[in-house]
Amino acid sequence: MIIGISILIGFLFAAGVYLLLHKSFMKLITGVILFGNACNLFLLVAGGLIDSHPAFVSKEQGAVPIDGMADPVPQAFILTAIVISLGVQAFVIVLLKRIYQTSHTNNLDALTDTDDV
Amino acid sequence: MFNTGSVYYMIVPLLSFMLGGTLCLLFYKQVKVQRGVVLASSLIALIGGVKLVGILAHDEYVTMQVGGWEAPYGITLLADRFAGLMITMTALLSVSAALFSFSNVMNTKKKQIGFYPAFMFMLAGITGAFLTGDLFNLYVWFEVMLISSFVLITLGSRRDQLQGGIKYVIINFIASSFLLLAIGILYGTTGSTNLAALAESLRDPALQAVTQLAAILLLVSFGIKAALFPFYFWLPASYHTSPIAVTAIIAGLLTKVGVYTMIRTFTLLFPLHQYRYLQDFMLISSCLTMLVGVLGAIAQQDIRKVLAYNLISKIGFILYGLAIYTSAAIAGAIFYTLHHMLVKTNLFFTAGIIGKVTGSYRMKEISGLYDHFPCLSFLFFILILALVGIPPFSGFWAKLMLVDAGLLAHEYRSVALLLITSLLTLYSMIRIWKKCFLTKLDVKSQQLIPERVFLKQYYHVYVASIFLFFVTLWISFNPSWLIEYTQKAAEQILMPSSYIKAVMQR
């Protein structure tokens with residue numbers, strides 16, 4: 001399972017970077033989303049992936065051995081990271097809309113006003 | 001070391017910025033109230049910061065475990081001497097930027113409303129990044145700071161602002177993602193994100209093979225934020241577009257946070273002398289940063305862009321100190337950081353005054369400032385001397401410390417490059433001086449308003465600039481205590497074991 005998800009993460013990163021390097025706004029947004037999600041999945045796998053033993057303990061159980069249980073900390077990290085990347089993605093979408101309104105272009109290579117000497 | 005009073009002084013700057021931001025949001029429509037809140041919370045933060053520096057002069061560390069959870073499980077806040085100095089400087093800059101922004105940063109009132117909350121939250125993020133002793137917490141503070149700075153850079157929605165803004169947003173998103181990847185790797189191998197616990201586990205040579213990857217990811221992430229050589233292209237594309245009060249504070253502070261975290265990680269987690277290839281990379285890259293930055297500055301025609309490129313070149317100076325990795329060199333790097341924060345922010349302030357007076361930032365369109373604006377000319381000229389490092393101004397002491405440390409480490413070629421870079425910096429700044437100040441105003445062209453009239457209208461701007469100017473002068477003529485303090489801070493930074501002890505003891 002870890003190998004499968006690792007390959008998936010690799011594909012997500014590759015697709016994210018590929019899309020980020022494109023000129024079109026829409027592809028840029030998709031690239032940002034894929035890249036962010038690849039990072040989140042990477043955190044999950046790097047923190048040690050344990051399936052079918054969720055990090056929940058019911059009250060009746062009392063003290064239970066924690067061996068073999070999933071580590072809740074990477075999940076907490078991912079939750080934080082998802083919220084933050086969602087915020088950034090929303091901001092990027094609004095920003096690109098405003099750029100389209102002011103610059104009337106869908107081509108990132110045309111946004112060179114600030115680079116002129 | 002652990003008396004409760006000192007903990008409050010550490011937390012005061014952070015809390016006052018956060019509360020200030022919240023209050024600004026509450027008084028969303030009343031810009032005057034917002035201004036009062038911003039100035040008050042900046043002053044409170046400044047008092048807290050100065051007290052903290054005073055406490056740290058005799059105490060080694062001030063630590064706090066948030067919520068009472070012991071390290072490494074809780075979130076640690078920790079201030080050492082370097083962090084104390086940086087927080088004080090942040091508060092100082094925020095006071096002056098608040099004063100500067102009173103003279104209508106944005107052209108319309110509607111846009112001005114959003115400025116202060118974002119400004120305050122950015123400062124809270126910066127202070128948090130200086131204080132935190134936890135890598136994931138650092139990521140969160142970084143995001144607080146970055147998202148606020150996204151708002152600040154694009155506030156106003158002018159065409160060039162948006163175009164610069166999108167580059168800034170995307171590149172910083174990538175940089176933060178790299179930080180997140182490094183956190184994942186470090187947590188997976190050591191089971192902790194607390195900096196002290198990480199530093200302890202990373203001493204194990206068996207782990208080093210895996211954590212090399214994390215070291216490189218952190219280098220890239222912080223390198224992008226600090227505008228190190230191969231990663232600096234976003235900075236000149238975006239920094240100059242926003243209103244000048246925003247540019248000044250962002251140029252003074254944001255890249256320095258990247259530099260701060262770089263110094264923190266590559267002394268505590270990955271001591272550079274154990275990672276020779278990283279040290280070599282850092283040395284070469286900082287030298288190239290100096291050179292490429294200053295060459296860019298010479299090529300530019302826009303005053304703000306000249307300043308932005310000079311900023312990149314000075315980041316090279318600071319990281320050169322880290323690359324040498326002796327206590328004297330890191331002391332020089334810290335001194336240079338403090339000096340540069342003051343001078344660069346102030347130079348952007350004066351550039352803002354020039355822009356306001358002449359209505360342009362292009363060197364070709366500005367002339368005759370010396371005849372009409374003697375006070376501004378005086379400020380600008382002294383700041384050029386301070387930036388370049390002409391004795392007796394603060395830049396001289398900073399550069400002296402760096403050159404001295406470089407010579408002691410037998411890095412003669414890079415020291416020569418550093419001195420050549422200073423000379424070229426002088427050239428790039430004197431170009432502005434000669435073109436904008438010394439040339440006579442065309443008889444046919446529109447006359448400038450007299451400085452007295454301008455001063456009455458925009459006295460806040462001058463107050464902000466002169467305030468920072470006096471701090472620079474004070475450091476320039478009274479450098480010995482700061483040199484001693486930075487030397488103590490550098491020795492502290494190079495002793496990770498004392499850091500680990502301070503966090504883990506309780």
Side-chain angles (χ1 to χ4, degrees), chain A residues 2 9 13 16-17 20-21 25 28-29 31-49 71 73-74 76-78 80-85 87-105 108-117, chain B residues 73 135-137 139-140 142-144 146-147 150-151 153-154 157-174 176-189 191-193 210 213-214 233-234 236-241 296 299-302 304-305 308 362:
Chain A
I2 286 191
I9 293 168
F13 268 123
V17 171
L20 277 176
L21 296 176
F25 286 0
L28 181 74
I29 294 171
V32 166
I33 293 170
L34 285 184
F35 200 88
N37 285 333
C39 285
N40 296 339
L41 275 177
F42 181 88
L43 266 183
L44 189 67
V45 173
L49 193 65
D71 187 353
V73 180
F77 288 165
I78 294 165
T80 317
I82 286 175
V83 174
I84 291 172
S85 60
V88 174
Q89 284 155 18
F91 188 80
V92 170
I93 291 171
V94 175
L95 191 59
L96 285 174
K97 178 172 173 263
R98 292 290 294 150
I99 293 175
Y100 185 72
Q101 283 172 347
T102 51
S103 301
H104 306 292
T105 175
L108 278 165
D109 283 355
L111 306 180
T112 55
D113 279 10
T114 59
D115 297 330
D116 299 337
V117 172
Chain B
Y73 304 109
L135 204 57
F136 192 77
N137 204 229
Y139 166 76
V140 176
F142 256 148
E143 289 301 322
V144 171
L146 285 174
I147 291 175
F150 294 165
V151 175
I153 279 194
T154 53
S157 305
R158 283 199 333 274
R159 205 177 130 145
D160 55 339
Q161 264 186 314
L162 294 171
Q163 293 191 1
I166 188 72
K167 292 163 194 166
Y168 179 77
V169 170
I170 299 292
I171 198 90
N172 273 299
F173 176 75
I174 304 286
S176 302
S177 305
F178 275 35
L179 177 56
L180 208 55
L181 296 182
I183 290 169
I185 293 169
L186 287 176
Y187 184 81
T189 45
S192 173
T193 57
V210 189
L213 186 58
F233 295 97
W234 57 273
S238 58
Y239 265 20
H240 66 282
T241 55
Q300 295 299 325
Q301 284 296 327
D302 187 312
R304 295 167 302 176
K305 275 190 160 181
R362 300 196 66 77

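From a predicted model like this one, the values you see are computed outputs, not experimental measurements.
- Proximity to chain B is absent for every atom of I78(A), based on heavy atoms less than 4.5 angstrom apart.
- The parts of S177(B) that come within reach of chain A are both its backbone and its side chain, each placing non-hydrogen atoms under 4.5 angstrom from that chain.
- Of the atoms belonging to I170(B), it is side-chain heavy atoms, and not backbone ones, that fall under 4.5 Å from chain A.
- Put simply, of Q301(B), Q161(B), H240(B), the one with the most heavy-atom pairs under 4.5 Å next to chain A is H240(B).
- Taking OG1 of T80(A) as the reference point, atom CZ of F136(B) lies at 4.0 Å (rounded to 0.5 Å).
- At a 4.5 Å heavy-atom cutoff, the contact between F91(A) and chain B is made by side-chain atoms alone.
- No part of S176(B) comes within reach of chain A, as not one of its non-hydrogen atoms sits under 4.5 angstrom from that chain.
- The greatest number of non-hydrogen atom pairs below 4.5 Å with chain B, out of F77(A), F42(A), F35(A), is found for F77(A).
- For a residue to count as touching a neighbouring chain, one of its non-hydrogen atoms must lie under 4.5 Å from one of that chain's; by this rule F25(A) does not touch chain B.
- In this structure, the portion of F178(B) lying under 4.5 Å from any heavy atom of chain A is its side chain and not its backbone.
- Of the two parts of F150(B), the backbone and the side chain both hold a non-hydrogen atom closer than 4.5 Å to a non-hydrogen atom of chain A.
- For E143(B), the part lying near chain A is the side chain, with the backbone staying farther off; criterion is any non-hydrogen pair under 4.5 Å.
- F173(B) and S85(A) get closest at one heavy-atom pair: CE1-CB, 4.1 Å.
- Scored by the salt bridge (Lys or Arg N to Asp or Glu O under 4.0 Å) test, R362(B) finds no partners at all (sequence neighbours excluded).
- With respect to chain B, the highest number of heavy-atom pairs below 4.5 Å among T112(A), I99(A), L108(A) belongs to I99(A).
- The shortest distance between side-chain heavy atoms of I174(B) and L20(A) falls below 4.5 Å.
- Residue pairs meeting the side-chain hydrogen bond (donor to acceptor under 3.5 Å, both in side chains) criterion with at least one member in residues 179-188 of chain B, sequence neighbours excluded, are D71(A)-Y187(B).
- In this structure, CD1 on I84(A) lies 6.5 Å from CD1 on I147(B), to the nearest 0.5 angstrom.
- If you measure heavy-atom distances from A237(B) to chain A, the contacts under 4.5 Å come from both the backbone and the side chain.
- Contacts of V151(B) with chain A are made by both backbone and side-chain atoms, with heavy-atom separations under 4.5 Å.
- The parts of I166(B) that come within reach of chain A are both its backbone and its side chain, each placing non-hydrogen atoms under 4.5 angstrom from that chain.
- The candidate from V144(B), L146(B), D160(B), L180(B) with the greatest count of non-hydrogen atom pairs under 4.5 Å with chain A is L180(B).
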